[in-house]
Enquirer: 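Sharing a structure, written as structure tokens. Questions coming.
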Amino acid sequence: MANPQVSIVAPLYNETESLPHLVTRLNAVMDESSLAIEIVLIDDGSRDNTSVLMKQIALTDGRYHCVFLSRNYGHQIALTAGIAASRATEALFIIDGDLQDPPELLTKFYEKYQEGYDVVYAVRKKRKESWLKRAAYSSFYRFMRSISYVDIPLDSGDFSLISRRVADVLVQMPEESRFIRGMRSWIGFRQVGVEYERDARVAGEPKYSFKMLRNLAYNGIFNFSEFPIKLITQLGIITISLAVIYLIQTLIKKYFFGDVPQGFTAILFIIILFSGVQLIALGMIGEYVLRIFFQTKGRPLYVVREIIQQRQSSNSIDPSINHNARINQTA
Ligand code: UDP
Ligand code: MG
């Protein structure tokens, strides 16, 4: 198959039950679409029959491109493996393997891509999950948005369509603890949200355990926010302020009312004061750690959207005057 225009990328971990449904739906999407589509399935070290089924599909249908990881690495890494394996020339459509993200939406998302958007992300209107899970997600996304230094959209996960160039940058970002929805926002370009209703999983149990969800949330918070470190410094400042208020209050009591116990107040003041000083010191060390942390992530410093530079013309009359446009230059 010549290079496809679009890849549909889906990671799978122990999805024996959903896989046949997924394949049926994907085949229907490919049959109805006029686009040249390739399906990239990633087996994230499944322990059930998933990889056997995937092998069969890949060997019988040339449109399927299957990648098998050596062990279970987790959804975000599996997705990265799929993005790296994609040969799509135009765009990658990223979905979950349990059909919670309807693959039929490809047409709608692709239209937005054609309008010039590099990232078309799905925004969940309604979740067909327990209210507890819904509430947890909703509060997390709001919290995340309030502390993050990139504009991560509310109620959107990894379900999205990304252009070839966004996929290339994503694969080049070497950070190990990945939070793809945040990295996707960081990359920039024109991004747009499309609302959809998230379906219930077609079969089987959710593969994300509570622990994995918590780790994902941590990756979001610690990779895209300086809030935790700033919090320590803030606490230090609050503590020192409390110590000063306590001192003033004690002095007023002592000079106007004279009922202050000897020694005790001084010790308490010093304890609170130095707790504050220590917190601030920790926050200062934290600032350095933060800088080291962001540096070691090895992200590109910036992503260039476009460079416009005319070629130097040879018939220029005065070579010291440059009439050519130099709008954007990269270092
Ligand atoms: N998944 C994966 N590796 C994992 C856990 C999950 O590749 O370690 C896949 C899983 O097969 C599914 C997708 O990631 O296709 C989303 O997982 P799940 O449905 O469990 O997450 P939820 O929808 O509950 O957020
Ligand atoms: Mg799911």
Side-chain angles (χ1 to χ4, degrees), residues 7-26 29 39-54 57 64-86 92-103 105-106 121-141 144 152-160 170 176-182 184 196-220:
S7 295
I8 303 182
V9 181
L12 302 168
Y13 178 54
N14 296 344
E15 298 286 5
T16 313
E17 286 161 83
S18 358
L19 187 51
H21 300 274
L22 178 70
V23 170
T24 315
R25 295 264 293 271
L26 288 176
V29 169
I39 309 289
V40 180
L41 299 181
I42 309 95
D43 167 36
D44 186 16
S46 298
R47 268 180 263 255
D48 65 355
N49 228 7
T50 305
S51 59
V52 178
L53 290 176
M54 277 172 63
I57 299 162
Y64 282 80
H65 173 178
C66 293
V67 178
F68 304 83
L69 297 185
S70 61
R71 62 169 173 87
N72 178 244
Y73 286 91
H75 177 235
Q76 300 287 300
I77 301 282
L79 208 52
T80 308
I83 295 172
S86 155
L92 287 75
F93 190 46
I94 294 162
I95 62 172
D96 271 0
D98 57 0
L99 289 170
Q100 285 196 280
D101 313 325
L105 286 175
L106 172 63
Y121 56 85
V123 180
R124 287 178 284 261
K125 255 199 303 204
K126 229 194 284 168
R127 273 180 172 269
K128 289 176 185 156
E129 280 156 337
S130 74
W131 69 267
L132 191 70
K133 208 168 176 180
R134 283 205 310 263
Y137 272 106
S138 154
S139 42
F140 171 71
Y141 280 114
M144 193 62 228
I152 301 177
L154 285 176
D155 299 317
S156 83
D158 296 323
F159 181 26
S160 58
L170 211 52
E176 177 188 358
S177 48
R178 299 178 90 75
F179 187 64
I180 291 176
R181 57 204 76 169
R184 193 181 67 202
Y196 84 114
E197 240 168 72
R198 187 159 164 92
D199 292 331
R201 153 185 272 286
V202 63
E205 294 292 308
K207 303 302 178 295
Y208 256 99
S209 62
F210 172 74
K211 210 171 116 197
M212 289 158 83
L213 277 178
R214 189 199 59 195
N215 287 344
L216 182 68
Y218 280 6
N219 280 350

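Read the numbers this way: they start at 1 and go in the same order the structure lists the ligands and their atoms. Everything numeric here is computed off the predicted structure, so don't read it as measured data. Values below: every heavy atom of this structure, side chains too, minus hydrogens, waters and symmetry copies.
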Enquirer: Which of the atoms in ligand 1, numbered in the order shown and given with their element, are less than 4.0 Å from a heavy-atom of Tyr137?
Expert: 25 (O)
Enquirer: Compute the minimum heavy-atom distance from Met212 to ligand 1 and say whether it is under 4.0 Å.
Expert: yes
Enquirer: Check whether the ring centres of Tyr13 and His75 lie less than 6.0 Å apart, and answer yes or no.
Expert: no
Enquirer: Might you point out which heavy atoms bring Ile180 and Gln76 nearest each other, and give the distance in Å?
Expert: N-OE1, 2.8 Å
Enquirer: Provide the protein N, O or S atoms situated under 2.8 Å from the Mg ion (ligand 2); waters are not included.
Expert: Asp98 OD2, Gln100 OE1
Enquirer: With heavy atoms of Asp98 as the reference, note each atom of ligand 1 found under 4.0 Å away.
Expert: 15 (O), 19 (O), 23 (O)
Enquirer: Under 4.0 Å, heavy atoms only, figure out whether ligand 1 is touched by the backbone of Glu15, its side chain, both or neither.
Expert: side chain
Enquirer: Can you tell me which portion of Lys133 lies within the under-4.0 Å heavy-atom range of ligand 1? Options are side chain, backbone, both, or neither.
Expert: side chain
Enquirer: Taking Asp101 first and then Arg201, would you say they form a salt bridge - that is, a charged N and a carboxylate O separated by under 4.0 Å?
Expert: no
Enquirer: Please classify the Phe159 to ligand 1 contact at 4.0 Å (heavy-atom distances, strictly less than): side chain, backbone, both or neither.
Expert: neither
Enquirer: Applying a 4.0 Å heavy-atom criterion (strictly less than), which segment of Asn72 is in contact with ligand 1: side chain, backbone, both, or neither?
Expert: side chain
Enquirer: Of the side chain and backbone of Arg198, name the one, both, or neither that has a heavy atom under 4.0 Å from an atom of ligand 1.
Expert: side chain
Enquirer: Which bit of Asp44 gets closer than 4.0 Å to ligand 1, counting heavy atoms only: side chain, backbone, both or neither?
Expert: side chain
Enquirer: Would you please name every residue forming a side-chain contact (heavy atoms from CB on, under 4.5 Å) with Ala78, sequence neighbours left out?
Expert: Pro11, Ile42, Asp44, Leu69
